[in-house]
Amino acid sequence: MDLAFTPLQDELRSQARSFLEATPSPTWSQLADLGWTGASVAEEHGGAGLTFLEEAVLHEEAGRALLHAPLWSTSCLIPFLDGADQGAVASGEASWTLALAPLVPDLDAATNVAVVGGDTIWELEGFEREVLATNDVSRPLGVVSGGEPGRALCSSEVLPALRSRSLTILALEAVGVGQRALELAVEYARTREQFGRIVGTYQAVSHPLASSYLELELARSLAWWAAWCVANDEPDAAVAAAAAKAEAAEAAVAACERAIQAHGGIGFTWEHVLHRLYKRALGIQSWEASSAQLRAEVASHLLDGGGA
Amino acid sequence: VDFRDTPEQAAFREELRTWLDEHLPDELRGHRGGGARFDGPEIRQWSRALHDGGWVGISWPAEYGGRGLSPRFQAIYLEEEARAEAPPHIGVIGLGMAGPTIISRGTEEQKTRYLEPLLAADEIWCQGFSEPGAGSDLAGVRTSARLDGDRFVLDGQKVWSSYAHIADFCILVARSDPDSQRHAGLTYLIVDMRAPGVEVRPLTQITGDPEFNEIFLSSVEVPVENVIGEIGGGWDVAMTTLLHERGTLAFALVARLEVQVNKLLALVADRGATATQREAVAREWSQLQALRWTAYRSLSALERTGLPGPEGSILKLQWSEANQRITKLALDLLGPDAQLLPGNAPYDGYWTIQQLRSRGNTIEAGTSEILRNIVAERVLGLPRSR
């Protein structure tokens, strides 16, 4: 067992961070040029041939930077597409979103939409899309109307695996979001003075930030456990992903709330980045299932015969 | 990132499981948890069996009676000990604190004299850091150590000393320079608990158990060769001990929490739970997994860089608060039955005692307030609060 990151994973993280700091709104084809869209696509299909663990590094960084791109939506579907479709994602020609519920994420940007019908996941054709104004502007939602199933993409038996992948990516994003909020709060508390003292010297300010650190590190451990389970098709993937997303979403929301509080009035303004982090955290909390619902699933796994 | 045992680790685990199955007496199974003292003759016997089996001092250097394996194997031992619900070796303080301090700071004579009997459970150790006036603020130590020729003469009082009532030796810090303040002028000593002038009194705690003791020292003579480190350099040595306490503690804490969560799941299976209670149980199970993987992340950093990862600083803090939540949840599941005492209570009062005992978890070995200061100042880089 070795839970340290490999040199490749470290390098990917540092590349991703500097790129997203320099280029806050990259296009899909820029992400493709970097090899992100096809990170876990096999080399024979034009991808980078890495595992989901390397891709996981990117999702954490994407959350941190509030990346506005259909990376999550597309990545959920990638392993279940055929080689040609994977290649189109890797090259940046295509991106995907799955219309599982009435509100569909990333509908502003995804080139292709998938739907579940019967025992198959299909590509939806001939539909109309409407993008809705959303609280989290970096991940717009939309609705599709009309259209009909076109090509068959894969069996709908992949849905549980797809959901584990989706929950894991959301957990990784949440860790990135929360981490960024915590760093902003620490930076502010180290420099802001009131009553002639740096506010971070007050334990009423510093201890909540220590709690954010604790919760985020625990969440990070769960998110990486889930990512490893997903990457290796482990039987624990479903329960690990549910536990990870439940804990990470709450940790991220709490880290943002504490960061807003630590900043005082400035943290409550539109101009500060904190509200955007907060809205992404709240969005992640709402996606797929709430923490309470996910814990009910974990409980069922533990108590109703799934086994621990 | 890889969550699997290596073949070598898997083989070690398998060998250990087989050994525990064959050697752990049924009456000792489940005999752990911190609510009661584990000091009966059967625990000494069990500790010796562990030593004979090669399961004690797994990560200690081979030259001092250990197996010289990476801390990874000690972690596996603790996981399997918890899974088998086997009681820990009686030398908790010796193995976790006194021994590592002697190995890193002691003289060759001290290593030869003390380490082997410690591993074999022939000699038991206790620790005397806290005093009535020096709790979180250890630098407030007032017990005096007056140098008189080739010996120190100790006077003072120590408190919260587990195992002192059966211990052969105590590691303690005392003020050897009466004019010194705070961190300076402290000396770290090995005290023979049978020396004249040492008196141990049990301290009955919130559970009704006398798990800890007070130690009264009246003109106790300690030879100078019992100093660990330099005379006047005791603070530095004490920090070594505490570093080991927090470092080696993590996997023991994970193991103890795993026992609690498993018992909690069994309790729900027995007594049922509401949807809200089930969610709370799921949260504790999830956080247990998080605690375990975080401990391994810190260990992986240690193996790569020689320094434990910063995330290690949250382990004891998280464990203590999780154990308080878990035991409270158990009371909630038990309802009024939790008011009953051992003898007429379900599960022989296990949860009632555990819940009360858990209140000490956020106080002992670093209060949660001190640990949050450490995270804020040393990990996050916030300015010092005092």
Side-chain angles (χ1 to χ4, degrees), chain A residues 1-6 9 53 56 182-183 185-187 189-190 197-198 200-203 205-215 217-222 224-225 227-229 231-232 234 236 239-240 242-244 246-247 250 291-303 308, chain B residues 1-6 9 72 75-76 261-262 265 268-269 273 275-283 285-287 289-301 303-305 309-311 313-315 317-318 321 368-369 371-377 379-386:
Chain A
M1 193 190 306
D2 183 2
L3 303 198
F5 292 107
T6 62
Q9 289 159 356
L53 284 173
L182 172 61
E183 286 173 18
V186 167
E187 191 48 41
R190 283 165 61 139
R197 291 178 67 181
I198 302 284
T201 60
Y202 296 109
Q203 293 174 340
V205 174
S206 67
H207 284 194
L209 302 184
S211 296
S212 290
Y213 175 78
L214 174 145
E215 291 167 14
E217 289 305 322
L218 293 170
R220 177 172 281 129
S221 297
L222 284 174
W224 281 93
W225 175 44
W228 180 83
C229 288
N232 292 284
E234 289 285 321
D236 281 342
V239 70
E247 300 303 316
E250 280 193 358
S291 294
Q293 288 169 301
L294 292 169
R295 289 194 184 114
E297 290 175 23
V298 172
S300 180
H301 171 84
L302 295 173
L303 297 165
Chain B
V1 179
D2 190 344
F3 284 75
R4 270 168 301 216
D5 280 344
T6 62
Q9 290 160 6
R72 172 84 38 169
I76 293 173
V261 169
N262 288 341
L265 291 171
V268 173
T276 307
Q277 288 166 334
R278 284 166 60 97
E279 282 164 29
V281 170
R283 175 169 181 240
W285 179 86
S286 303
Q287 297 225 346
Q289 313 311 314
L291 187 73
R292 175 187 302 116
W293 303 131
T294 306
Y296 273 112
R297 281 172 56 207
S298 186
L299 177 60
S300 294
E303 287 173 347
R304 288 208 177 196
T305 66
E311 61 282 337
S313 62
I314 67 167
L315 300 172
L317 180 58
Q318 167 65 11
E321 295 179 357
S368 292
E369 289 77 10
L371 296 176
R372 281 194 167 80
N373 280 350
I374 289 175
V375 170
E377 293 167 17
V379 180
L380 299 179
L382 287 165
R384 285 176 67 85
S385 59
R386 51 190 194 286

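A, B, ... follow the sequence lines: proteins, then strands. Residue 1 opens every chain.
Residue B/Val261 does not touch chain A at all, counting heavy-atom pairs closer than 4.5 Å. B/Arg292 does not touch chain A: none of its heavy atoms, backbone or side chain, sits under 4.5 Å away. Contacts between B/Gln318 and chain A at a heavy-atom distance below 4.5 Å involve backbone atoms as well as side-chain atoms. The parts of A/Glu217 that come within reach of chain B are both its backbone and its side chain, each placing non-hydrogen atoms under 4.5 angstrom from that chain. Proximity to chain A (any heavy atom under 4.5 Å) is restricted, for B/Ser313, to the side chain, taken from C-beta onward. Both the backbone and the side chain of A/Leu209 come within contact range of chain B, each with at least one heavy atom under 4.5 Å from a heavy atom of that chain. In this structure, no portion of A/Glu297 lies under 4.5 Å from any heavy atom of chain B. Heavy atoms of A/Leu182 lying under 4.5 Å from chain B belong exclusively to its side chain. Only the side chain of A/Leu53 comes within contact range of chain B, with heavy atoms under 4.5 Å apart. The part of B/Arg384 that comes within reach of chain A is its backbone (N, CA, C, O), which places non-hydrogen atoms under 4.5 angstrom from that chain.
In terms of heavy-atom pairs under 4.5 Å with chain B, the best-connected choice from A/Glu250, A/Gln203, A/Glu215 is A/Gln203. Among the candidates A/Ser206, A/Ala292, A/Ala243, the residue making the largest number of heavy-atom pairs closer than 4.5 Å to chain B is A/Ala292. Heavy-atom pairs under 4.5 Å with chain B peak, among A/Leu218, A/Val239, A/Val298, at A/Leu218. Counting heavy-atom pairs closer than 4.5 Å to chain B, the top residue among A/Ser291, A/Ala246, A/Ser211 is A/Ser211. Between chain B and the options A/Thr201, A/Asp2, A/Leu222, the largest number of non-hydrogen pairs under 4.5 Å is found for A/Asp2. The most heavy-atom pairs under 4.5 Å with chain B, out of A/His207, A/Gln293, A/Gln9, A/Arg190, come from A/His207. When the candidates B/Arg283, B/Glu303, B/Gln9 are compared by the number of heavy-atom contacts under 4.5 Å with chain A, B/Arg283 comes out ahead.
Counting heavy atoms from C-beta on, the side chains of B/Leu317 and B/Glu321 come closer than 4.5 Å. For the pair B/Ser300 and B/Arg72, the minimum side-chain heavy-atom distance is below 4.5 Å. The closest side-chain heavy-atom distance from A/Leu303 to B/Leu265 is below 4.5 Å. Using a 4.5 Å heavy-atom threshold, the side chains of A/Ser221 and B/Gln289 count as separate.
A/Arg220 and A/Glu247 are not joined by a salt bridge, as no carboxylate oxygen comes within less than 4.0 angstrom of a charged side-chain nitrogen.
B/Asp2 places a side-chain N or O within donor-acceptor distance of the main-chain N or O of B/Arg4, the cut-off being under 3.5 Å.
Annotation: the span from A/Trp225 atom CH2 to B/Arg297 atom CZ amounts to 14.5 Å, rounded to 0.5 Å.
Using cut-offs of 30° and 60° for the angle between ring planes, the B/Phe3 and B/Trp293 rings count as perpendicular.
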Stepwise side-chain contact (heavy atoms from CB on, under 4.5 Å) check, B/Leu291 with B/Leu315: CA-CA 7 Å; B/Leu291 187 73; B/Leu315 300 172; 3.8 Å; yes

Ring pair (Phe, Tyr, Trp, His ring centres under 6.0 Å) assessment of A/Trp224 paired with A/Phe5: CA-CA 10 Å; A/Trp224 281 93; A/Phe5 292 107; 4.7 Å; yes

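A donor-acceptor contact closer than 3.5 angstrom is absent between the side chains of B/Ser286 and A/Arg295.
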